[in-house]
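Each chain gets a letter, A, B and so on, in the order the sequences are listed, and its residues count up from 1.
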There are 2 protein chains.
Amino acid sequence: MDWEEQLSQAGWRITTPRRVVMQVLEQAARPLSPQEIHARGHRLHRSLGLVSVYRALAALERAGLVRRVHREDRCNSYVLASPGHHHLLLCRRCGRTVEFPGTEDLSSLIAQVEQQTGFRVEDHLLQLVGLCAPCRNL
Amino acid sequence: MDWEEQLSQAGWRITTPRRVVMQVLEQAARPLSPQEIHARGHRLHRSLGLVSVYRALAALERAGLVRRVHREDRCNSYVLASPGHHHLLLCRRCGRTVEFPGTEDLSSLIAQVEQQTGFRVEDHLLQLVGLCAPCRNL
DNA sequence: ATGTATGCAAACGATTTGCAGGCGA
DNA sequence: TCGCCTGCAAATCGTTTGCATACAT
């Protein structure tokens with residue numbers, strides 16, 4: 001199932017701004033802010049408005065096609081999201097992003113925390129930051 | 001070592017706004033935004049300015065006394081931080097926050113990811129979200 | 001005494017909303 | 001055709017900065 005189908009099945013229309021945002025993110029080598037997406041998308045579709053980028057990102061995020069990236073300072077950048085549950089690994093130097101699966105590695109930690117705290121854990125936010133292989137040698 | 005000593009040793013002065021922010025966070029049952037901290041702190045210290053809350057939070061965060069909380073939407077709330085490395089567990093209903101240690105539970109996951117990706121992992125962001133024991137029964 | 005920290009006002013930047021028209025299904 | 005979606009302008013919200021004064025050390 002490609003992303004257009006997935007977006008459509010989630011009840012959203014396939015429109016030019018959404019296509020442009022997806023195309024920009026597909027070609028991006030790192031997480032991009034709405035402004036950056038707009039700047040790049042504007043070259044592909046002259047009449048693209050910044051507001052539409054925000055609204056496209058909201059729709060795409062709700063459909064599970066893009067994911068917001070959290071950093072210590074700004075949390076307003078986006079990357080493409082693969083289907084299923086993934087975590088993000090970011091290079092702090094070049095911004096490169098790698099996804100890795102999944103929930104399994106956390107399950108024993110979660111079980112332990114649930115037992116100790118009485119919480120029922122429903123979701124989690126995990127992101128690793130480091131240096132990618134090329135950047136390690138600079 | 002109490003927090004004033006810790007702040008002082010980090011090279012910051014002990015001032016009324018910083019004391020008020022710490023006092024508000026000590027009494028808080030959940031993460032608070034700068035605006036919320038200001039509203040509560042203003043009752044304790046009438047001349048407290050919102051700007052000073054922002055600057056106090058920046059100082060306290062750099063000194064390791066408070067920690068920013070990341071949520072799917074807003075990432076601008078703060079909680080008291082215990083010394084050392086901890087992760088956060090949030091109740092999605094009442095906002096209650098619990099810390100749990102540490103790095104150890106992630107070390108095998110991190111080693112695995114490093115091997116698979118070539119990254120050197122330096123830091124991580126982990127937050128769990130769920131329902132605390134009281135809220136589970138509502 | 002010295003330089004940091006404060007409070008205010010204003011600047012600033014990011015995100016959201018109202019609205020009239022356009023386009024996807 | 002119908003209603004979601006777009007682009008624009010303006011409103012809104014959170015955060016930062018400039019500056020004169022006050023306070024911690």
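- Atom-to-atom, CZ of A/R19 to C1' of C/dA25 comes out at 12 Å; the value is rounded to the nearest Å.
- In this structure, CG of B/D73 is placed 14 Å from C1' of D/dC13, rounded to the nearest angstrom.
- By the 4.0 Å N-to-carboxylate-O rule, A/R19 lies close enough to A/E4 to be salt-bridged with it.
- Rounded to whole angstrom, the span from the CD1 atom of B/I14 across to the C1' atom of C/dT6 amounts to 15 Å.
- Around atom CZ of B/R74, no more than 12 heavy atoms belonging to other residues, nucleotides or ligands sit under 6.0 Å away.
- Rounded to an integer number of Å, the gap from B/H38 NE2 to D/dG14 P is 13 Å.
- Counting non-hydrogen atoms of neighbouring residues, nucleotides and ligands closer than 6.0 angstrom, the CD atom of A/Q115 reaches no more than 12 such neighbours.
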**Request:** Determine, for nucleotides 1-8 of chain D in 5'-to-3' order, which nucleotides have protein heavy atoms under 4.0 Å from the base (write B), from only the sugar-phosphate (write S), or from neither (write -).
**Result:** --BBSBBB
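- Minimum interatomic distance between B/A56 and B/V21 (heavy atoms only, all atoms of both residues): CB-CG2, 3.9 Å.
- Using five terminal pairs a side, the axes of the helix from C/dA1-D/dT25 to C/dA25-D/dT1 at its two ends make an angle of 50°, given in steps of 10 degrees.
- For A/N76, a side-chain nitrogen or oxygen approaches OP1 or OP2 of C/dT15 to under 4.0 Å.
- Here C/dT4 presents its C1' atom at 13 Å from CG of B/L7, a figure rounded to the nearest Å.
- Of the N and O atoms on the side chains of A/Y78 and A/E36, not one donor lies less than 3.5 Å from an acceptor on the other residue.
- The minimum heavy-atom distance between B/H70 and B/L125, with the atom names listed, is CD2-CD1, 3.9 Å.
- With rounding to whole Å, B/R74 atom CZ is found 14 Å from C/dA14 atom P.
- Within a 6.0 Å radius of CZ in A/R96, other residues, nucleotides and ligands contribute 12 heavy atoms or fewer.
- Between the P atom of C/dA25 and the CD atom of A/Q9 lies a distance of 13 Å, rounded to the nearest Å.
- Atom-to-atom, OH of A/Y54 to P of C/dT16 comes out at 7 Å; the value is rounded to the nearest Å.
- When only modelled atom types and interatomic distance are considered, A/H85 and A/H124 share a side-chain donor-acceptor pair under 3.5 Å.
- Within 6.0 Å of the CD atom in B/E26, the count of heavy atoms belonging to other residues, nucleotides or ligands exceeds 12.
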